[in-house]
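First the proteins, then the strands, lettered A, B, ... as listed; each starts at 1. Remember, it's a predicted structure, so these values are computed and weren't measured experimentally.
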Protein chains: 2
Amino acid sequence: MDSAWLEDFLALVDGGHFSRAAEQRGITQPAFSRRVRALEDWVGGPLFDRDSQPVTLTPAGLRFRPVAEETLRRLYQGREAARAAGRAAAETLRFAATQALSLTFFPPWLRALEARESFSATVHLTAAHMAACEQVMLRGEAQFLLCHHHPAAASFLMSEPFRSLPVGTDHLLPVSAPVPGAATPLFSPSETSGTPVPLLGFSGESGIGRILAATRAVEESGARLGPSFTSHLASVLVAMARDGRGLAWAPMSLVADDLARGTLVRAAGPERDIAIEIRLYRARARQSPPAERLWAAVAGGSGTAGG
Amino acid sequence: MDSAWLEDFLALVDGGHFSRAAEQRGITQPAFSRRVRALEDWVGGPLFDRDSQPVTLTPAGLRFRPVAEETLRRLYQGREAARAAGRAAAETLRFAATQALSLTFFPPWLRALEARESFSATVHLTAAHMAACEQVMLRGEAQFLLCHHHPAAASFLMSEPFRSLPVGTDHLLPVSAPVPGAATPLFSPSETSGTPVPLLGFSGESGIGRILAATRAVEESGARLGPSFTSHLASVLVAMARDGRGLAWAPMSLVADDLARGTLVRAAGPERDIAIEIRLYRARARQSPPAERLWAAVAGGSGTAGG
DNA sequence: GAGGCCAATGCCGATGCGGCATCAGGTGAT
DNA sequence: ATCACCTGATGCCGCATCGGCATTGGCCTC
């Protein structure tokens with residue numbers, strides 16, 4: 001059943017004459033006649049009484065008329081809706097970001113970018129731990145991934161089908177709640193007393209955890225550390241540290257406020273800070289125009305492209 | 001837009017694989033692939049993400065899915081409804097009958113026919129005056145016409161494209177209200193007193209009027225008659241006569257009750273009665289099966305066919 | 001009875017569709 | 001790492017179908 005047949009049908013109902021309706025539909029009268037016949041064959045009975053002038057609808061045709069009208073209306077309406085949905089999806093910028101960056105870095109970074117380049121696209125952000133973010137990127141569910149990067153921590157994101165740009169810098173540093181009333185840490189890697197320092201550690205899915213493991217930062221701190229709690233969520237570990245539950249390595253972006261307010265203090269000197277980058281990753285394959293515009297804006301505005 | 005494309009679309013949504021959906025749809029995978037592509041071209045954007053296994057819907061496809069489902073449902077539903085409408089119309093027996101026969105003759109005649117032949121078809125009856133009935137037959141809006149017939153009253157119904165069967169006999173007779181308290185007519189054609197007898201006459205559209213005109217019954221009655229009221233409706237004239245307003249020629253079928261009850265009396269002796277037939281007319285052209293069955297039943301059960 | 005209008009039909013050429021064979025990308029097993 | 005297999009896409013070809021043209025046949029009007 002060709003939807004053109006329905007248009008033909010309505011044109012004939014409207015015009016009342018095969019030849020006039022055919023002209024309106026832009027085909028010859030014989031072709032038009034055959035298409036009407038085809039529709040009648042499909043329905044299974046005559047729709048028009050050709051014996052009267054102008055041609056009139058049979059009972060079957062009378063019943064079929066609203067069907068044809070509604071079907072066409074729904075079809076064209078549906079097509080428009082699908083197009084709109086496709087367009088909206090194409091213009092949506094889909095980000096993935098690790099949770100730490102979603103909370104602190106992403107909002108002002110996006111705002112600055114929007115202010116500078118006046119993006120109007122809608123934005124979708126998937127906040128997850130690093131392993132989940134990588135899966136999202138692999139499945140193409142996000143166009144961009146914002147995460148921490150350290151040369152020692154390998155990832156397939158550094159491989160051929162992906163590219164990245166640096167968009168900021170950060171530090172990983174050990175923090176702890178302060179000793180009550182003082183500015184000295186409750187726990188510190190340099191402690192040598194009997195009980196091990198309780199460590200608030202990252203589980204394997206975490207990007208920061210990978211960096212810490214790769215740089216052997218914990219081991220090299222020289223501390224006797226006992227894992228007391230693990231999470232893949234930096235903010236959870238920070239909350240635990242704030243509560244005096246142990247020592248945690250956290251990104252500066254996440255604990256700057258706490259350090260300023262004194263609710264957390266450095267547990268080691270700045271010389272032990274691990275410098276890390278914040279990078280924006282994308283698949284090398286061509287993305288949607290809005291995504292490409294964003295990439296160009298990031299590349300042009302903030303740093304040099306990297307592989 | 002071919003509705004088959006919508007079926008293909010839903011099959012692919014369901015199956016998740018081009019090759020499996022193609023098999024289900026009874027075509028090869030390449031052809032199926034092209035038809036899906038054709039639908040996508042028509043919609044104006046991709047509906048499936050072919051990179052995932054099984055293939056998944058894009059946002060546009062997700063939006064289009066209910067459209068495809070509803071469109072197909074409405075289309076098939078509408079087709080069935082149209083078929084049913086056509087079938088019902090084809091199985092409806094459409095009669096036209098003059099009003100006098102609609103009221104008295106038609107109901108018991110149809111009941112007897114149904115009892116004898118066990119028809120189940122629905123019946124439509126158009127009751128109108130003779131001229132309107134003829135138009136109905138000419139336009140094919142009725143398959144059968146039930147009316148009075150007299151050889152002297154010509155009609156195109158006696159011409160080649162029509163056939164007829166006698167289904168009963170009747171008489172036209174002059175009637176009048178009785179003289180109060182007696183069984184003699186208030187008005188009679190044999191009256192010779194000064195004032196003319198008021199005539200309740202048929203207008204030209206009436207079949208009975210034509211017969212009376214053709215047989216010159218009124219003139220040959222020898223009465224001095226003054227037209228006082230005309231109608232194309234026999235029952236109206238009878239009601240007027242019952243009210244003592246004059247003399248009317250009426251079919252026996254219509255006034256038998258009145259004569260039995262004495263609310264009307266004969267205004268002339270039975271020797272002046274005009275014998276008429278009740279005939280069933282049809283177009284010679286082949287009619288619907290139920291109509292042909294009815295015709296055969298009438299022809300076989302009650303009389304001999306006529307031209 | 002002739003002419004005009006209307007829809008149906010026969011015929012032909014071009015377009016398009018489907019099938020076959022093949023290609024290309026990705027995955028899993030050895 | 002390689003091969004086998006499964007996925008969907010594509011080039012090619014034959015055939016069915018569709019549309020246009022010319023014509024027929026029916027009906028109405030003048």
Side-chain angles (χ1 to χ4, degrees), chain A residues 1-9 11-42 45-58 61 135 137-140 156 159-162 283-286, chain B residues 1-9 11-42 45-58 61 135 137-140 156 159-162 283-286:
Chain A
M1 220 290 300
D2 195 320
S3 68
W5 297 353
L6 299 181
E7 311 249 24
D8 294 338
F9 172 80
L12 182 52
V13 170
D14 229 37
H17 295 269
F18 278 68
S19 40
R20 262 165 253 174
E23 186 179 5
Q24 184 196 325
R25 298 282 299 136
I27 58 176
T28 57
Q29 171 266 317
F32 184 82
S33 179
R34 276 188 285 257
R35 299 215 309 205
V36 172
R37 175 83 66 195
L39 178 62
E40 289 179 321
D41 287 347
W42 183 81
L47 299 172
F48 292 97
D49 177 10
R50 293 157 169 76
D51 292 341
S52 69
Q53 284 297 328
V55 293
T56 55
L57 286 167
T58 62
Q135 290 308 310
M137 285 300 282
L138 269 182
R139 286 198 299 266
F156 66 83
S159 66
E160 173 57 25
F162 291 92
R284 183 176 291 271
R286 179 147 209 89
Chain B
M1 219 291 300
D2 195 319
S3 68
W5 297 353
L6 299 181
E7 310 250 24
D8 294 338
F9 172 81
L12 182 52
V13 170
D14 228 39
H17 297 270
F18 278 68
S19 40
R20 261 165 256 175
E23 185 179 5
Q24 184 198 324
R25 298 282 299 135
I27 57 175
T28 58
Q29 172 267 317
F32 184 83
S33 180
R34 276 188 286 257
R35 300 217 306 206
V36 172
R37 175 83 65 197
L39 178 63
E40 289 179 322
D41 288 348
W42 183 80
L47 299 172
F48 292 98
D49 177 10
R50 292 157 169 76
D51 292 340
S52 69
Q53 284 295 329
V55 293
T56 55
L57 286 166
T58 61
Q135 290 307 311
M137 285 299 282
L138 269 183
R139 286 198 298 269
F156 67 83
S159 67
E160 173 56 23
F162 291 92
R284 185 176 289 272
R286 177 146 209 91

- Item | Considering all heavy atoms, the nearest B/Phe32-B/Ala22 contact | CB-CB, 3.4 Å
- Message: Ignoring hydrogens, what is the shortest heavy-atom contact between B/Pro54 and B/Gly16? Give both atom names and the distance.
- Response: CB-O, 3.3 Å
- Among pairs that include at least one residue of residues 15-26 of chain A, which meet salt bridge (charged side-chain N to carboxylate O under 4.0 Å, His left out), considering only residues two or more places apart or in two chains? A/Asp8-A/Arg25
- Hey, what bend do you get for the helix from C/dG1-D/dC30 to C/dT30-D/dA1 if you fit axes on five pairs at each end, rounded to 10°? 20°
- List the steps and the verdict of side chain to side chain contact (heavy atoms under 4.5 Å, CB included) for A/Arg35 and A/Ile27. CA-CA 10 Å; A/Arg35 299 215 309 205; A/Ile27 58 176; 3.8 Å; yes
- Using whole Å, report how far CZ of B/Phe18 lies from P of D/dT10. 11 Å
- Counting just side-chain N and O atoms, does B/Arg50 come under 4.0 Å of either OP1 or OP2 of C/dG25? no
- Qualifying residues under side-chain hydrogen bond (donor to acceptor under 3.5 Å, both in side chains), relative to B/Thr56, sequence neighbours excluded: B/Ser52
- Query: Once you round it to whole Å, what is the distance between P of D/dT17 and CG of B/Asp2?
  - Reply: 13 Å
- Query: A/Asp41 CG to D/dC18 P: how many Å, rounded?
  - Reply: 11 Å
- Note on the structure: Between A/Trp5 and A/Ala38, the two heavy atoms sitting closest are CZ2-CB, 3.7 Å
- Once base and sugar-phosphate atoms are separated, protein heavy atoms under 4.0 Å mark nucleotides 11-21 of chain C, 5' to 3', with B, S and - as B------BBBB
- Note on the structure: note: B/His17, atom NE2; D/dA9, atom C1'; distance rounded to Å ~ 17 Å
- Looking at side-chain heavy atoms only, is the closest gap between A/Phe48 and A/Leu57 below 4.5 Å? yes
- Item | Contact under 4.0 Å: B/Arg20 side-chain N or O vs D/dT7 OP1/OP2 | yes
- Whole angstrom value for the distance that separates P of D/dT17 from CH2 of A/Trp42: 18 Å
- Task: Please state how far atom CG in A/Asp8 lies from atom C1' in D/dG19, giving the value in whole angstrom units.
- Result: 12 Å
- Task: Would you tell me if any nitrogen or oxygen in the side chain of B/Ser19 comes within less than 4.0 Å of OP1 or OP2 on D/dC6?
- Result: no
- Message: Whole angstroms only, please: what is the CD-P distance between B/Glu23 and D/dG8?
- Response: 12 Å
- Query: Does B/Ser33 have a side-chain nitrogen or oxygen under 4.0 Å from the phosphate oxygens OP1 or OP2 of D/dA9?
  - Reply: yes
- Rounded to whole Å, CD of A/Glu40 lies from C1' of C/dA8 at a distance of 13 Å
- Message: List the residues meeting salt bridge (charged side-chain N to carboxylate O under 4.0 Å, His left out) with A/Arg50, not counting sequence neighbours, and say none if there are none.
- Response: A/Glu40
Restricting to nitrogen or oxygen on both sides, can you table the protein-nucleotides 27-30 of chain D pairs closer than 3.5 Å?
none

